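Nothing fancy with the numbering, it's 1 onward along the sequence. Atoms within a ligand are numbered from 1 in the order they appear, just like the ligands themselves. Note that the structure is a prediction, hence the values are computed from the model and not measured.
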Amino acid sequence: MELIATSAANEPKASGCSAKGCGSSDDSLAHLPEALRKRVQNHPCFSEKAHHHFARMHVAVAPACNIQCNYCNRKYDCSNESRPGVVSEVLSPDEAVHKVKTVAAAIPQMTVLGIAGPGDPLANPDRTFATFRRLAEEAPDIKLCVSTNGLRLPEFADEMAKYNIEHVTITMNCLDPEIGAKIYPWIYWNNRRIRGVKAAKILIRNQLKGLEMLVERGILVKVNSVMIPGVNDQHLKEVSKLVKEKGAFLHNVMPLIAEAEHGTFYGLTGQRSPSGAELRELQDSCADSMSMMRHCRQCRADAVGMLGEDRGQEFTLDQIEGKEIDYAAAMVKRKQVHDAILEQLDAEHQAAANSDTTTAARGPAILMAVSSSGQGVINQHFGHATEFLIYRVDDTKVEHVGQRKVELYCGGPGDCPEEENRLQGHLNALSDCQAVLSAKIGIGPWQQLEQAGIAPSGEYAYEAIETGLRLFYNDLLAQGKLQPTGELATEASA
Ligand code: CLF
Ligand code: SF4
């Protein structure tokens with residue numbers, strides 16, 4: 001196997017970020033140097049804590065792409081950074097700037113504007129940088145973020161630094177061109193279509209070079225990788241290690257989504273996606289050497305709102321056309337909202353820094369699920385959840401490890417579900433969890449959860465997630481309901 005290497009690796013600038021994991025631990029930023037913590041504490045993707053409080057938006061200004069990925073169908077958005085199967089309304093830079101200011105005024109928690117498609121932002125440099133240039137001038141309180149396949153990164157690293165783009169994502173699926181040839185059938189480079197191993201070699205070389213250049217310029221880099229079972233799954237640990245050495249801040253291993261109806265090569269040839277357990281196992285093994293992102297929602301190229309929610313329909317072009325925005329006034333309000341959230345996060349950070357986490361674990365590590373509609377609080381009815389946040393909890397820490405999508409269980413009054421059938425999806429999604437905490441849980445699902453060995457609780461409604469999890473864990477431990485194996489005891493054995 002040949003691994004592509006560029007010039008000498010840089011010392012990681014993001015050092016101090018513990019292997020415990022940005023975006024993955026009890027206080028995910030606790031081990032970062034203060035200056036770095038400040039840079040990510042309001043970025044919902046670069047900080048797990050931030051994603052409960054701050055929102056992001058994407059503008060779909062970049063339609064073209066300069067490579068082909070086998071998990072992508074050009075009819076849809078770039079699936080390096082989005083769920084395949086959804087299409088965005090492509091905007092001009094002017095339309096994009098107007099949309100960003102409109103959203104920023106309406107959703108003051110929106111701190112980050114990302115360009116992530118629907119093709120590759122750097123394959124559309126004029127449109128991408130025209131948008132960034134105007135936003136840097138007209139909306140300076142918004143962080144600028146970009147996600148790219150990296151082919152043209154070395155060419156544009158300086159340009160990115162110029163517009164104060166502080167956060168960049170590079171999608172890197174491999175370091176080995178032989179593996180790359182199974183993922184990328186071709187690239188378009190220097191006005192030529194190049195195929196196979198040769199194409200993958202150029203792409204990987206440019207990705208690594210681009211990563212080094214961004215790190216040298218003080219830009220925080222996240223690496224996204226799509227986990228493709230049987231193709232690159234055994235290899236991604238190596239990717240994690242090398243990108244960490246080269247100074248990447250975070251690694252986001254995302255599951256391949258390959259459905260025949262999306263018309264992608266992988267979808268049509270039956271390439272399977274990883275299971276949740278396989279993904280978690282790989283993320284855990286990469287976490288030995290790198291900080292892992294585990295709260296990615298594979299958003300679309302025109303996503304608006306908190307991660308996991310999509311308010312794009314409220315801000316379509318026809319709805320915002322002609323709307324006058326007083327951005328100076330909006331900035332005042334936005335600052336007040338941001339300051340209040342950051343004050344709360346700082347207090348939590350201090351409390352975490354002062355807490356004693358040296359006690360040896362007495363209880364087993366278990367998985368617990370939470371339904372939340374945001375703000376880091378258990379504030380969602382079980383029946384209204386379309387996803388559950390999954391935490392690994394033991395005596396000493398509460399660690400966010402992912403999320404599971406479910407079909408809406410309850411559509412409101414008059415939509416009384418055939419509980420047995422409708423709940424099966426929830427039971428499958430939560431089958432490895434020992435507890436679920438919601439703002440409220442109806443009696444029907446409550447009984448079925450208990451029968452499935454999942455302890456339900458509505459007792460911690462409106463508590464902070466970590467507090468609720470900690471208290472419920474302690475309750476279960478005190479009641480002898482946690483087995484050393486991490487399984488919940490049945491009523492009989494408890
Ligand atoms: Fe967008 Fe990406 Fe910037 Fe975030 S998304 S460009 S880093 S602002 Fe975030 Fe969405 Fe996952 Fe991307 S949850 S798909 S990682
Ligand atoms: Fe599709 Fe994105 Fe890959 Fe381009 S980089 S082929 S848009 S997934």
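- Residue C65 approaches ligand 2 through these ligand atoms, each under 4.0 Å from one of its heavy atoms: 4 (Fe), 5 (S), 6 (S), 7 (S).
- Between D176 and K182, no side-chain nitrogen of the basic residue sits less than 4.0 Å from a carboxylate oxygen of the acidic one, so the salt-bridge criterion is not met.
- At least one heavy atom of R297 lies less than 4.0 angstrom from ligand 1.
- Not a single heavy atom of H295 sits closer than 4.0 Å to an atom of ligand 1.
- For K162 and D158, the salt-bridge test fails: no basic side-chain N is under 4.0 Å from an acidic carboxylate O.
- Inclusion of H43 in the first shell of atom 3 (Fe) of ligand 1 is not supported: no N, O or S atom falls under 2.8 Å.
- Every atom of ligand 1 with a heavy atom of T169 under 4.0 Å away is listed here by number and element: 7 (S).
- Only side-chain heavy atoms of M293 come within less than 4.0 Å of ligand 1; its backbone N, CA, C and O stay farther off.
- Within the 4.0 Å heavy-atom criterion, neither part of D120 lies near ligand 2.
- Counting atoms of ligand 1 from 1 in the listed order, those under 4.0 Å from a heavy atom of H58 are 1 (Fe), 5 (S), 6 (S), 8 (S).
- Contact check on E155 versus R152 returns a salt bridge, with a Lys/Arg side-chain nitrogen under 4.0 Å from an Asp/Glu carboxylate oxygen.
- Using a 4.0 Å cut-off between heavy atoms, C69 contacts ligand 2 through both its backbone and its side chain.
- Under the 4.0 Å criterion applied to side-chain N and carboxylate O atoms, K99 and D94 are not assigned as salt-bridge partners.
- In the vicinity of L307, heavy-atom distances shorter than 4.0 Å reach the ligand 1 atoms 13 (S).
- E309 and R297 are not joined by a salt bridge, as no carboxylate oxygen comes within less than 4.0 angstrom of a charged side-chain nitrogen.
- A donor atom on one side chain and an acceptor atom on the other are not found under 3.5 Å apart for Y184 and N149.
- A salt bridge is defined here as a Lys NZ or Arg NE, NH1 or NH2 lying under 4.0 Å from an Asp or Glu carboxylate O, and E48 with R294 fails to meet this definition.
- Taking a cut-off of under 4.0 Å to the non-hydrogen atoms of C72, the atoms of ligand 2 that pass are 1 (Fe), 6 (S), 7 (S), 8 (S).
- Taking the charged nitrogens against the carboxylate oxygens, D432 and R280 do have a contact shorter than 4.0 Å, which makes a salt bridge.
- With ligand atoms numbered from 1 in the order given, ligand 2 contributes 5 (S) to contacts under 4.0 Å with heavy atoms of N149.
- Contact check on E138 versus K101 returns a salt bridge, with a Lys/Arg side-chain nitrogen under 4.0 Å from an Asp/Glu carboxylate oxygen.
- Contact atoms of ligand 1 toward C299: 5 (S), 10 (Fe), 13 (S), 14 (S) (distance under 4.0 Å to a heavy atom of the residue).
- Between E466 and K49, at least one side-chain N (NZ, or NE/NH1/NH2) sits under 4.0 Å from a carboxylate O, which counts as a salt bridge.
- In the vicinity of C145, heavy-atom distances shorter than 4.0 Å reach the ligand 1 atoms 3 (Fe), 6 (S), 7 (S), 8 (S).
- The V112 neighbourhood of ligand 1 comprises atoms 8 (S), with distances under 4.0 Å to a heavy atom of that residue.
- Contacts of K222 with ligand 1, taken as heavy-atom pairs under 4.0 Å, involve the side chain alone.
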